[in-house]
Engineer: 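Provided herewith is a single structure, encoded as structure tokens, for subsequent inquiry.
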Amino acid sequence: MYLAVDYWRKKGVLDKCDIHYISGATVIFGVPEYKATLEEVLKKGNIKVHYSANTIGIDANNKTIEFETKSTPSSIKQSLSETTAACYSINEASQTDLANKVTLSFDLCHAVPPQSAPDFIKKSPLADASNPYGYVEVNKNTMQHSRFPNVFALGDCTNAPCSKTGAAIRKQAPVVVTNLLEVMDKQPVTAQYDGYSACPIPTQYGKLMLAEFDYNNKPKMTFPFNQAKPRWTMWILKTKVLPWLYWNKILKGTA
């Protein structure tokens, strides 16, 4: 979305675009320092955001998207441009416990479905019964299964409340190895994962914000400067350095 906005701005057509970001989250980013930067990007791009929204249908033939939101009809109307080509309808009767329904027309829709564990995990005893997506139930710090002490899990399949990124699994892997070996030696587990994750977020072509943080949504910046500020150097890190590091070091377990 941010790259699209930057492209449309360079082409001189941004003022003709009506951009809506429909998100199930309550904020644009959970870490205040990075959130402030992205809110400025939203403002600069005139991006209208619908938080706590649940997309319930996309009609590709008619080019419409329907979502539920907790926003009141009046606040939804204010967020939709008077001149937009997007059509919308609001269920005015949904004033109590029901969510308000909004339908928007679109020329371009980029939709990301909910992520879940694979079915062979979701339907197994390993899954967290309280999690609708079927993730493996683990201790978020030791990555040991909460009910089966001889089972460990890491990466996108776990219910650990961290961002599911390559940076997260890179930090989880040594913890799992250490704790697994200790269990095999009949020793208590000692290694701890603090929820570290990293999200490289391009805010425009040639500039990127590298967001690094832990379970407590506290920044864990690697570099000796403010990483909440989008930089060209971080763009180079993402586009040139990290791909090489991934294929040549991380996959081999040497980084």
Side-chain angles (χ1 to χ4, degrees), residues 1-2 21-31 34-35 38 52-55 110-181 183 189 191-202 208-220 222 227 234 237-239 241-255:
M1 179 176 64
Y2 303 140
Y21 179 61
I22 303 166
S23 172
T26 57
V27 292
I28 192 65
F29 205 87
V31 182
Y34 306 126
K35 171 176 173 281
L38 294 181
S52 299
N54 177 40
T55 298
H110 178 90
V112 182
Q115 185 179 9
S116 72
D119 285 345
F120 75 89
I121 291 177
K122 190 183 301 185
K123 297 175 182 179
S124 77
L126 298 176
D128 179 358
S130 65
N131 189 295
Y133 300 114
Y135 293 123
V136 178
E137 183 181 349
V138 297
N139 178 295
K140 70 177 186 178
N141 297 119
T142 65
M143 310 309 292
Q144 186 179 31
H145 199 283
S146 303
R147 291 175 285 112
F148 304 106
N150 62 326
V151 174
F152 288 82
L154 68 165
D156 292 358
C157 70
T158 77
N159 69 344
C162 61
S163 294
K164 298 186 183 303
T165 65
I169 195 172
R170 178 172 169 264
K171 293 293 187 178
Q172 293 167 6
V175 171
V176 169
V177 170
T178 298
N179 289 340
L180 180 59
L181 291 174
V183 167
V189 297
Q192 299 279 308
Y193 168 62
D194 64 0
Y196 170 86
S197 190
C199 299
I201 305 173
L208 182 139
M209 177 179 72
L210 181 61
E212 294 180 287
F213 49 94
D214 61 16
Y215 277 137
N216 297 316
N217 281 337
K218 298 294 183 182
K220 296 199 68 175
T222 299
Q227 290 177 210
M234 296 294 94
L237 176 72
K238 169 64 176 175
T239 59
V241 179
L242 290 183
W244 180 91
L245 189 67
Y246 176 80
W247 290 109
N248 294 280
K249 294 294 182 179
I250 294 177
L251 286 186
K252 297 177 180 179
T254 57

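All values derive from a computational prediction rather than experimental measurement.
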Engineer: Which heavy atom in Gly134 sits nearest to a heavy atom in Ala127, and how many Å separate them?
Structural biologist: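 Shortest heavy-atom contact: O-CB, 3.7 Å.
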Engineer: Atom SG of Cys157 and atom NZ of Lys122: how far apart are they, to the nearest 0.5 Å?
Structural biologist: 12.5 Å
Engineer: So, for Phe148 and Pro125, which heavy atoms are closest and what is the spacing to 0.1 Å?
Structural biologist: CE1-O, 3.6 Å
Engineer: Between the side chain of Arg147 and the main-chain N/O of Glu137, is any donor-acceptor distance below 3.5 Å?
Structural biologist: no
Engineer: Which heavy atom of Asn217 sits nearest to which heavy atom of Gly30, and what is that distance?
Structural biologist: ND2-O, 3.4 Å
Engineer: Sort out for me which residue in Glu212, Gln172, Arg170 forms a side chain to side chain donor-acceptor pair (under 3.5 Å) with Tyr196.
Structural biologist: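 The single option meeting the side chain to side chain donor-acceptor pair (under 3.5 Å) with Tyr196 is Glu212.
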Engineer: Given side-chain contact (heavy atoms from CB on, under 4.5 Å), test Gln144 with Phe152 step by step and report yes or no.
Structural biologist: CA-CA 4 Å; Gln144 186 179 31; Phe152 288 82; 3.5 Å; yes
Engineer: Rounded at 0.5 Å granularity, tell me how far CD1 in Ile121 sits from OG in Ser116.
Structural biologist: 10.0 Å
Engineer: Can a donor-acceptor pair be found, under 3.5 Å and without considering hydrogens, that links the side chain of Lys164 to the backbone of Thr158?
Structural biologist: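 Yes, the answer is positive, given that a donor and an acceptor are paired below the 3.5 Å cut-off.
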Engineer: Taking side-chain hydrogen bond (donor to acceptor under 3.5 Å, both in side chains) as the cut-off, I'd like each qualifying pair that reaches into residues 246-255, sequence neighbours left out, listed once.
Structural biologist: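 For residues 246-255, and leaving out neighbouring residues, there are no side-chain hydrogen bond (donor to acceptor under 3.5 Å, both in side chains) pairs at all.
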Engineer: For Asn54, what residues pass the side-chain hydrogen bond (donor to acceptor under 3.5 Å, both in side chains) criterion, not counting sequence neighbours?
Structural biologist: none
Engineer: Checking Leu154 against Tyr193 for the side-chain contact (heavy atoms from CB on, under 4.5 Å) test, could you report, in this order, the C-alpha distance in whole Å, the side-chain angles of both residues, the deciding distance, and whether it holds?
Structural biologist: CA-CA 11 Å; Leu154 68 165; Tyr193 168 62; over 6 Å; no
Engineer: For residues Ile169 and Gly155, report the shortest heavy-atom separation together with the two atoms involved.
Structural biologist: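 Heavy-atom minimum between the residues: CD1-CA, 3.8 Å.
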Engineer: Are the side chains of Leu237 and Leu208 in contact, using a 4.5 Å heavy-atom criterion?
Structural biologist: no
Engineer: How many angstroms lie between CE in Met143 and CG in Leu180, if you round to the nearest 0.5 Å?
Structural biologist: 13.0 Å
Engineer: Counting only heavy atoms not in Lys238, do more than 12 fall under 6.0 Å of its NZ?
Structural biologist: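 Result for NZ/Lys238: open.
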Engineer: To check you understand the geometry: which heavy-atom pair defines the closest contact between Thr239 and Pro243, and what is its length?
Structural biologist: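 Result for this residue pair: O-CG, 3.6 Å.
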Engineer: Compare every heavy atom of Val138 with every heavy atom of Ala153, then report the nearest pair and how far apart it is.
Structural biologist: CB-CG1, 3.9 Å
Engineer: Nearest 0.5 angstrom please: Asp194 CG to Lys140 NZ, how far?
Structural biologist: 10.5 Å
Engineer: Answer whether the closest heavy-atom distance between the side chains of Pro149 and Val183 falls below 4.5 Å.
Structural biologist: no
Engineer: Listing request: all ring-ring contact (aromatic ring centres under 6.0 Å, His included) pairs with a residue in residues 113-140, at least two apart in sequence or in separate chains.
Structural biologist: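 Qualifying pairs, neighbours excluded: none.
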Engineer: Hey, are the side chains of Tyr215 and Pro161 touching, using non-hydrogen atoms and a 4.5 Å cut-off?
Structural biologist: yes
Engineer: For Asn131 and Asn159: C-alpha separation, side-chain torsions, deciding distance, then whether side-chain hydrogen bond (donor to acceptor under 3.5 Å, both in side chains) applies.
Structural biologist: CA-CA 8 Å; Asn131 189 295; Asn159 69 344; over 6 Å; no
Engineer: Got a second to check how far Asn141's CG is from Gln192's CD, nearest 0.5 Å?
Structural biologist: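 The distance works out to 5.0 Å.
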Engineer: Take Phe29 and Ile201 through the test side-chain contact (heavy atoms from CB on, under 4.5 Å) and record every step on the way to the result.
Structural biologist: CA-CA 11 Å; Phe29 205 87; Ile201 305 173; 3.6 Å; yes
Engineer: Is a side-chain donor or acceptor of His110 paired with a backbone partner of Met1 at a separation under 3.5 angstrom?
Structural biologist: no
Engineer: Distance check, rounded to the nearest 0.5 Å: Ser197 atom OG versus Lys220 atom NZ?
Structural biologist: 11.5 Å
